[in-house]
Enquirer: 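Below you'll find the structure I mean.
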Amino acid sequence: MLFVLMCLCLHATGLHAFSASSSTMTLMVKEGSGADMKCDYSADFGASPRVEWKFKDLKGSQSFIFFDGKITAQYQGRFTQYAGGLRVEKTTRKDTGDYTCEVSGNGGYADVTIKLTVIVPPSVPVSRIPTSVTTGRNVLLTCFDKDGSPPSTYRWYKDGTPLPEDPSKFPAFKNMTYKMNAQNGNLEFPSVAKTDSGKYFCEASNGQGPIQRGETVFMEVKDVNTGGIIAGVIVALLAIALLCFGLWYANKKGYLPKMSESKQKSAVYTQPRQDYGDEDDGEFKQKSSFVV
């Protein structure tokens, strides 16, 4: 009786409770099977509300699946919209993501999001492990499974023994200073030591199939070859000294062309001969040229 009175009051005051909901908020299906995503909404939207479906994949890219009363071109053939839901036939790993049902009508709006995960077992992970490194350097080992859905988590092994995520908590690993990320598969040595030498491999798992193991690689950690560096410097200095001696000897024997000495030449300027009158007249007469 109280519920009826509340509905009558809402109707009389013109207030509406626009809402959307789903009985399939989270779905997990195997790859290749079908999936139904439900979308229920209140009667406040009227007899023919506008319903649209959007999809956002794991990379954040968003697109319409159902818009303007029809399935969009890229989803035709696999998706079907019906009253109260959306169905996808033969799911693939690319269908994993968020599906949002948007409902509008009578001036109201509501939406609900369904999370779909298409289950794919992990594949053999691809690992990158260096075979030779020098002490004190930052070294990164990586491990990645490109197929697992949900995304795989990772574990690293050294000489057949699993490495704990936090080595400081285990006496057998307290001297190791690595950093492990089980979510992205990275194993990092900020300052690798000789004790880090060993055979390494990684495993990928997501709980949806057998655990997959990557290739085993031996990583050797060597000391910096200071003797070789010193020898290289000495050889370089000897080569420079030998080159200098060769240039000096060739110059002494006259094998190298001598630089020509530049000698400043005197310029001679001649004053044209002119008669300015007789000497007896007391006038000046120039008889010879002058040298600068």
Side-chain angles (χ1 to χ4, degrees), residues 24-37 53-65 72-79 86-100 113-133 137-167 178-190 192 196 198-220:
T24 55
M25 295 295 292
T26 303
L27 283 176
M28 295 186 70
V29 298
K30 292 184 178 180
E31 188 173 31
S33 62
D36 280 279
M37 291 160 280
W53 284 88
K54 288 181 179 178
F55 170 62
K56 184 170 70 173
D57 62 20
L58 295 178
K59 296 180 180 179
S61 179
Q62 197 169 42
S63 58
F64 275 103
I65 295 178
T72 56
Q74 69 181 105
Y75 295 103
Q76 289 180 2
R78 288 201 311 120
F79 284 80
L86 180 73
R87 177 172 177 80
V88 54
E89 302 287 349
K90 295 183 179 180
T91 56
T92 70
R93 61 198 68 187
K94 293 183 179 180
D95 295 327
T96 296
D98 295 335
Y99 293 78
T100 301
T113 299
I114 298 103
K115 184 176 293 294
L116 173 65
T117 301
V118 179
I119 298 172
V120 182
S123 59
V124 175
V126 176
S127 56
R128 297 184 182 276
I129 306 170
T131 56
S132 179
V133 295
R137 298 193 63 180
N138 181 285
V139 179
L140 179 65
L141 283 63
T142 62
C143 183
F144 180 67
D145 160 34
K146 63 181 180 65
D147 293 320
S149 178
S152 292
T153 56
Y154 303 90
R155 169 171 284 189
W156 279 94
Y157 291 76
K158 178 192 175 186
D159 297 329
T161 302
L163 297 176
E165 287 193 47
D166 188 355
Y178 62 82
K179 298 177 182 179
M180 185 190 301
N181 189 324
Q183 303 305 313
N184 63 17
N186 288 351
L187 178 63
E188 181 180 7
F189 296 89
V192 71
D196 296 322
K199 296 179 180 179
Y200 289 85
F201 67 84
C202 68
E203 288 183 345
S205 62
N206 67 353
Q208 303 300 328
I211 297 174
Q212 298 293 333
R213 176 178 297 184
E215 181 184 3
T216 301
V217 177
F218 180 77
M219 183 178 75
E220 182 181 11

Enquirer: Should E31 and R93 count as an ion pair when the cut-off is N to O under 4.0 Å?
Expert: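 Judged by the 4.0 Å cut-off on N to carboxylate O distance, E31 and R93 do form a salt bridge.
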
Enquirer: When rounded to the nearest 0.5 angstrom, what is the spacing between CD1 in I114 and OG1 in T26?
Expert: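 Going from CD1 on I114 over to OG1 on T26, the span is 9.5 Å.
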
Enquirer: Would you call D98 and K115 a salt bridge, taking side-chain N to carboxylate O under 4.0 Å as the test?
Expert: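 Here D98 pairs with K115 in a salt bridge, since their nearest N and O are under 4.0 Å apart.
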
Enquirer: State, with a plain yes or no, whether a side-chain heavy atom of K30 is found less than 4.5 Å away from one of V118.
Expert: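 No, side chains not in contact.
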
Enquirer: Going by the angle between their ring planes, with limits at 30° and 60°, are Y157 and F201 parallel, tilted or perpendicular?
Expert: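 Aromatic pair Y157/F201 classed parallel.
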
Enquirer: Nearest 0.5 Å please: distance from the OG1 atom of T100 over to the CZ atom of F64.
Expert: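 Taking OG1 in T100 and CZ in F64, the distance rounds to 10.0 Å.
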
Enquirer: Check whether any side-chain heavy atom of V29 lies under 4.5 Å from a side-chain heavy atom of L116, and answer yes or no.
Expert: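 When only atoms from C-beta onward are counted, L116 and V29 do touch, with a gap below 4.5 Å.
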
Enquirer: Hey, could you give me the OG/CZ distance between S205 and R213, rounded to the nearest 0.5 Å?
Expert: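 Going from OG on S205 over to CZ on R213, the span is 12.0 Å.
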
Enquirer: Using side-chain heavy atoms (C-beta onward) and a distance below 4.5 Å, is M219 in contact with L141?
Expert: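 Heavy-atom side-chain distance check passes, below 4.5 Å.
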
Enquirer: Would the distance check show the side chain of D95 and the main-chain N or O of A35 forming a donor-acceptor pair, the cut-off being under 3.5 Å?
Expert: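 Side chain of D95 to backbone of A35: no pair is present.
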
Enquirer: Hey, could you give me the CG/CD1 distance between L140 and I129, rounded to the nearest 0.5 Å?
Expert: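 Between atom CG of L140 and atom CD1 of I129 there are 11.0 Å.
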
Enquirer: Please report the interatomic distance OG1(T96) to CE(M28), rounded to the nearest 0.5 Å.
Expert: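 It comes to 9.0 Å.
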
Enquirer: Yes or no on salt bridge (Lys or Arg N to Asp or Glu O under 4.0 Å) for D159 and K199, after CA distance, side-chain angles and deciding distance?
Expert: CA-CA 5 Å; D159 297 329; K199 296 179 180 179; over 6 Å; no

Enquirer: Thinking salt bridges, do D57 and K94 make one under a 4.0 Å N-O criterion?
Expert: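 K94 and D57: not salt-bridged.
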
Enquirer: Within the distance-only criterion (no hydrogens, no angle test), does the side chain of T91 pair as donor or acceptor with the backbone N or O of G34 below 3.5 angstrom?
Expert: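 Not confirmed, T91 side chain does not pair with G34 backbone.
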
Enquirer: Taking the basic N atoms (NZ, or NE/NH1/NH2) and the acidic carboxylate oxygens, is any pair closer than 4.0 Å for E203 and R155?
Expert: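 Between R155 and E203 there is no salt bridge, as every charged N stays at least 4.0 Å from the carboxylate O atoms.
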
Enquirer: Look only at the side chain of W156 and the backbone of G185, and say whether a donor-acceptor pair between them is shorter than 3.5 Å.
Expert: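 Flag set: sc W156 to bb G185 pair under 3.5 Å.
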
Enquirer: Evaluate side-chain hydrogen bond (donor to acceptor under 3.5 Å, both in side chains) for Q212 paired with D145, printing each intermediate quantity in order.
Expert: CA-CA 9 Å; Q212 298 293 333; D145 160 34; over 6 Å; no

Enquirer: Between Y178 and P164, is there a side-chain heavy-atom distance shorter than 4.5 Å?
Expert: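 Yes, their side chains come closer than 4.5 Å.
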
Enquirer: Would you say W53 and Y99 make side-chain contact, with heavy atoms under 4.5 Å?
Expert: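 In short, these two side chains touch, coming nearer than 4.5 Å.
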
Enquirer: So, do S149 and I119 sit near enough that their side-chain heavy atoms are less than 4.5 Å apart?
Expert: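 Heavy-atom side-chain distance check fails, nothing below 4.5 Å.
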
Enquirer: Return yes if some donor-acceptor pair links the side-chain N/O of N206 with the main-chain N/O of G148 below 3.5 Å, else return no.
Expert: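 No; zero donor-acceptor contacts below 3.5 Å.
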
Enquirer: So which atom in K90 and which in R78 form the shortest heavy-atom distance, rounded to 0.1 Å?
Expert: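 Distance-wise, the nearest heavy atoms are O-NH1, 3.5 Å.
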
Enquirer: Give, for atom NZ of K56 and atom OG of S61, the distance between the pair rounded to the nearest 0.5 Å.
Expert: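 So the gap between those two atoms works out to 10.5 Å.
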
Enquirer: Hey, does the side chain of Y154 reach the backbone of P125 with a donor-acceptor pair shorter than 3.5 angstrom?
Expert: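 No, Y154 side chain to P125 backbone: no donor-acceptor pair under 3.5 Å.
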
Enquirer: Apply side chain to side chain contact (heavy atoms under 4.5 Å, CB included) to residues N138 and E188 and explain how you reach the verdict.
Expert: CA-CA 7 Å; N138 181 285; E188 181 180 7; 2.9 Å; yes

Enquirer: Indicate yes or no: at least one non-hydrogen side-chain atom of V217 is less than 4.5 angstrom from one of T131.
Expert: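 Yes - at least one pair of side-chain heavy atoms lies under 4.5 Å apart.
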
Enquirer: The test is side-chain hydrogen bond (donor to acceptor under 3.5 Å, both in side chains); show your working for Y200 and S127 and say whether it passes.
Expert: CA-CA 10 Å; Y200 289 85; S127 56; over 6 Å; no

Enquirer: Where is the tightest heavy-atom contact between F55 and G97, given as atom of each residue plus distance?
Expert: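 Residues F55 and G97, closest heavy atoms: CE1-CA, 3.8 Å.
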
Enquirer: Under a 4.5 Å cut-off applied to non-hydrogen side-chain atoms, are L27 and T117 in contact?
Expert: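 L27 does not reach T117 side chain to side chain.
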
Enquirer: Give a yes or no on whether E215 atom CD has more than 12 heavy-atom contacts from other residues, nucleotides or ligands under 6.0 Å away.
Expert: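 12 or below, so no.
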
Enquirer: More than 12 non-hydrogen atoms from neighbouring residues, nucleotides or ligands closer than 6.0 Å to CZ on R137, yes or no?
Expert: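 At most 12 heavy atoms, drawn from other residues, nucleotides or ligands, come within 6.0 Å of this atom.
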
